[in-house]
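To keep things clear, I will list the structure first and then write my remarks on it.
Convention: sequence-line order gives letters A, B, ...; per-chain numbering from 1. Here the structure is a predicted model, which means the values were calculated and not measured.
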Protein chains: 2
Amino acid sequence: MDAVETLGYQPNILARSLRTQQTQMIAVMIGDISNAFYHPVVRAIQDVAYLNDYDVLISNGDHIYENEKRFLQTVLRRPVDGVIMAPHRLSVEDIDQFIRRSHIPVVLIGAQLQHPQIDGVGGTSQPATYEAITWLIQAKGYRRIGFIGVESDMVPGPARYLGYERAMTDAGLSIEPGFVQKAKFTVEGGAEAMRMYLQQSNPPAVVFAANSLMAVGAILTAKAAGLRVPEDIGVMGFDDIPEALIVDPNLTTVARDLPAIGTQVASMLFERITGKETGPGRFVQSGWRIVERQSV
Amino acid sequence: MDAVETLGYQPNILARSLRTQQTQMIAVMIGDISNAFYHPVVRAIQDVAYLNDYDVLISNGDHIYENEKRFLQTVLRRPVDGVIMAPHRLSVEDIDQFIRRSHIPVVLIGAQLQHPQIDGVGGTSQPATYEAITWLIQAKGYRRIGFIGVESDMVPGPARYLGYERAMTDAGLSIEPGFVQKAKFTVEGGAEAMRMYLQQSNPPAVVFAANSLMAVGAILTAKAAGLRVPEDIGVMGFDDIPEALIVDPNLTTVARDLPAIGTQVASMLFERITGKETGPGRFVQSGWRIVERQSV
DNA sequence: TTGTAGGCGTTATCAA
DNA sequence: TTGATAACGCCTACAA
């Protein structure tokens with residue numbers, strides 16, 4: 001041990017990994033590094049990983065199919081002990097095939113698919129959106145409610161749309177043509193959607209955006225067009241990110257406990273890695289609450 | 001090759017690395033994952049890395065000494081072919097010692113130290129701040145100018161402060177007591193600093209924040225206190241991040257080309273890794289320009 | 001308790 | 001050109 005000290009010896013993790021078949025590394029793919037939703041999540045994942053003496057390989061999918069596919073390739077080639085990912089463009093077959101070929105635990109964030117062998121956190125989208133829309137109707141008295149979803153069928157678009165549709169139907173309200181817009185998951189996407197609303201002769205009185213970045217974009221565009229928010233048009237978002245408190249008026253939104261989601265997925269992964277958990281895939285639904293501020 | 005195809009053979013990168021002493025992986029430590037400054041930068045780094053068939057191990061320092069130190073430890077143990085980092089809390093000795101022990105190329109972002117063996121991009125802080133302050137004086141006619149810097153001597157605090165001080169001195173303006181505040185590098189830090197200004201009997205007419213997150217916090221606090229920005233108090237930031245366009249009024253700021261910085265550091269690193277460049281440490285200064293919007 | 005040999009999956013070297 | 005072999009640095013199993 002003296003020698004270790006004086007020579008500053010550091011074991012070579014590569015060689016150790018080759019021998020032990022353990023890499024002390026997990027890989028994480030997030031949906032979009034610009035989306036503040038992921039910041040507390042990866043922070044929490046890193047905390048848990050460090051506690052377990054693991055390193056974290058982070059990739060940024062950016063909602064681009066090639067990037068996501070590439071991540072799978074990388075992880076297949078470069079052995080890691082576990083994977084956490086938030087796939088958006090990957091098909092169910094892509095993921096299924098990956099799981100069959102790599103024999104390591106996988107945890108999905110915002111998982112659309114329920115796979116018997118892998119854990120996931122998610123499933124909040126539909127009930128939370130349902131509750132939010134119902135709240136807009138019952139507590140705030142809105143009846144003409146628009147919805148900004150995401151292009152194609154990318155998660156979590158369909159689930160949040162379903163929550164919206166069900167809530168409207170259950171309240172006996174009709175979804176008029178033009179109420180539903182599809183846009184990119186970004187500020188610019190929300191701005192684009194709001195522009196579509198503003199061209200309508202009788203636009204909705206309030207708009208629910210499937211993500212808070214879009215909600216912020218919608219607010220900015222409405223204000224730029226001379227409308228007052230929420231008096232002329234209300235806007236509500238999904239996820240409580242820092243931008244919600246920067247935009248004026250502050251954003252009313254559905255808030256999930258983001259660090260908790262990160263801790264949750266990381267814990268599930270390490271339970272698999274350490275062998276503490278060997279049962280079938282678990283699926284946990286994160287909690288949420290409505291945070292009322294000024295945009296509705 | 002048929003067998004490769006049918007069996008789906010993937011070479012084990014670990015074993016290859018052990019043999020070749022090359023890991024096909026670089027490590028990146030950013031200052032704070034919540035700071036949008038780093039998002040385009042890491043995105044660009046990843047792009048360059050993927051082009052070179054390299055993976056990227058990302059760490060988040062979060063401006064915490066232990067995290068940064070841990071990153072150094074990790075990289076010492078887990079061989080990577082190169083390192084890009086934005087150290088904030090590490091001492092010069094820490095970095096120096098690391099470079100001596102690890103024999104891989106290192107590139108520094110926002111480097112405060114000029115090391116003969118390592119490349120860096122930075123050095124913008126002082127001249128850009130100087131120009132910004134001078135612009136506030138000459139083009140905008142301000143004379144009572146405050147400065148929100150960062151606590152302790154964390155980079156890039158001192159350099160930006162120096163730019164401020166020099167510009168004030170060169171213009172023959174005095175820096176009154178209370179003009180200079182120190183705060184955390186966050187929205188909340190800027191809010192805190194603005195609260196200090198608002199307690200003063202004769203606060204500055206405009207405030208330059210060493211980072212745009214702080215500038216946003218300053219604006220929010222000023223507005224919350226009933227002041228109009230920029231009529232009652234102007235605010236200017238450093239770095240053009242998305243929040244600059246979300247806050248109302250939109251932020252006037254110093255803009256650097258963020259993706260270019262990422263491409264720059266990654267290119268310098270790969271020139272070292274591939275052996276194309278073997279000379280002494282290079283230091284490149286990124287360009288900047290003043291983007292005038294509404295907050296000043 | 002201490003020491004030694006074998007093998008993890010590659011690649012590079014050297015011989016055939 | 002092809003094929004066998006050693007070595008990268010570590011850990012584990014087994015022998016002394």
Euclidean distance, atom CZ of residue B/Arg78 to atom P of D/dC8 [Å, nearest integer]: 21 Å
Smallest separation among heavy atoms of A/Ser102 and A/Leu76, with atom names: CB-CD1, 3.5 Å
Minimum heavy-atom distance A/Pro280-A/Arg272, with the two atoms named: O-NH2, 3.1 Å
Members of residues 10-19 of chain A that approach DNA chain C, where some heavy atom sits under 4.0 Å away: A/Leu18, A/Arg19
Nearest atoms (heavy-atom pairs only) where A/Ile273 meets A/Pro105: CG1-CG, 3.9 Å
Pair B/Arg43-A/Ser34, side-chain donor/acceptor within less than 3.5 Å: yes
Atom CZ of B/Arg89 with >12 non-hydrogen neighbours under 6.0 angstrom: yes
Separation of D/dG9 P from B/Arg77 CZ (nearest whole Å): 17 Å
Nearest-angstrom distance from the residue atom CD of A/Gln21 to C1' of D/dG9: 14 Å
Contact under 4.0 Å: A/Tyr9 side-chain N or O vs D/dG9 OP1/OP2: no
Under 3.5 Å side-chain donor-acceptor pair for B/Asp239 and B/Ser212: no
